[in-house]
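As the structure is a computational prediction, the values presented were derived from the model and not from experiment.
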Amino acid sequence: MTLPTQNLYEQMFMKQEEPIDFLVTIYEDYLSKHNLPEYDASDMLHAHHIGEIELHDGQIGWLNNFIRLWDFVSEAESVSYTHLRAHETV
């Protein structure tokens, strides 16, 4: 059973999910709750801009914020991985 969105933070820690996996869970939950197609967030915005799908302002804002969060977490994981690899070679 999937927990409601407000409990996703607790769900991540109960399952000990990696941050990117947690973001995938959040994104899939959002798509499901808003009856949106299973597009990548950037592709979803592009599809909206070319008129393929309709999004309201709140959805556009949510997707833009999600993309920023995804990029931040991805970069943090990359820096962390690079840092760990540098210490392994010493």
Side-chain angles (χ1 to χ4, degrees):
M1 178 175 138
T2 302
L3 298 172
T5 303
Q6 63 267 27
N7 295 324
L8 284 174
Y9 185 74
E10 293 171 12
Q11 180 182 351
M12 179 181 84
F13 286 102
M14 289 185 338
K15 289 183 174 182
Q16 297 184 348
E17 286 184 271
E18 292 294 321
I20 289 294
D21 294 334
F22 179 58
L23 290 178
V24 169
T25 300
I26 290 171
Y27 189 69
E28 288 172 347
D29 183 67
Y30 186 82
L31 295 181
S32 174
K33 288 182 177 178
H34 293 268
N35 298 315
L36 294 171
E38 293 182 13
Y39 289 6
D40 167 275
S42 297
D43 291 343
M44 181 93 63
L45 290 174
H46 178 72
H48 170 71
H49 290 299
I50 64 170
E52 185 177 319
I53 61 171
E54 189 171 325
L55 299 171
H56 60 70
D57 290 343
Q59 291 169 324
I60 294 167
W62 192 95
L63 290 166
N64 281 318
N65 288 333
F66 181 83
I67 292 166
R68 282 194 289 276
L69 180 59
W70 181 278
D71 291 345
F72 176 81
V73 170
S74 294
E75 185 171 327
E77 284 188 347
S78 176
V79 168
S80 177
Y81 177 76
T82 302
H83 181 72
L84 287 173
R85 295 288 297 160
H87 285 290
E88 288 177 0
T89 59
V90 174

Tabulate below the donor-acceptor pairs under 3.5 Å that side-chain atoms of residues 48-55 make, not counting sequence neighbours, or state none.
{"unit_1": "H48", "atom_1": "ND1", "unit_2": "I53", "atom_2": "O", "d": "3.4"}
{"unit_1": "H48", "atom_1": "ND1", "unit_2": "L55", "atom_2": "N", "d": "3.2"}
{"unit_1": "E52", "atom_1": "OE2", "unit_2": "Y39", "atom_2": "OH", "d": "2.4"}

Which donor-acceptor pairs under 3.5 Å do side chains of residues 56-68 form with protein atoms, sequence neighbours excluded?
{"unit_1": "H56", "atom_1": "ND1", "unit_2": "G58", "atom_2": "N", "d": "3.1"}
{"unit_1": "H56", "atom_1": "ND1", "unit_2": "Q59", "atom_2": "N", "d": "3.3"}
{"unit_1": "Q59", "atom_1": "OE1", "unit_2": "H56", "atom_2": "N", "d": "3.0"}
{"unit_1": "N64", "atom_1": "ND2", "unit_2": "I60", "atom_2": "O", "d": "3.2"}
{"unit_1": "N65", "atom_1": "OD1", "unit_2": "R68", "atom_2": "NH2", "d": "2.3"}
{"unit_1": "N65", "atom_1": "ND2", "unit_2": "G61", "atom_2": "O", "d": "3.3"}

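Listed here is the closest heavy atom pair of P19 and E77: CD-OE2, 3.4 Å.
Legend: residues meeting side chain to side chain contact (heavy atoms under 4.5 Å, CB included) with S74, ordered by chain and number and at least two apart, are I20, W70. Among residues two or more places apart in sequence or in another chain, the ring pair (Phe, Tyr, Trp, His ring centres under 6.0 Å) test is passed with H46 by none.
From D29, atom CG reaches atom NE2 of H34 across 8.5 Å, with rounding to the nearest 0.5 Å.
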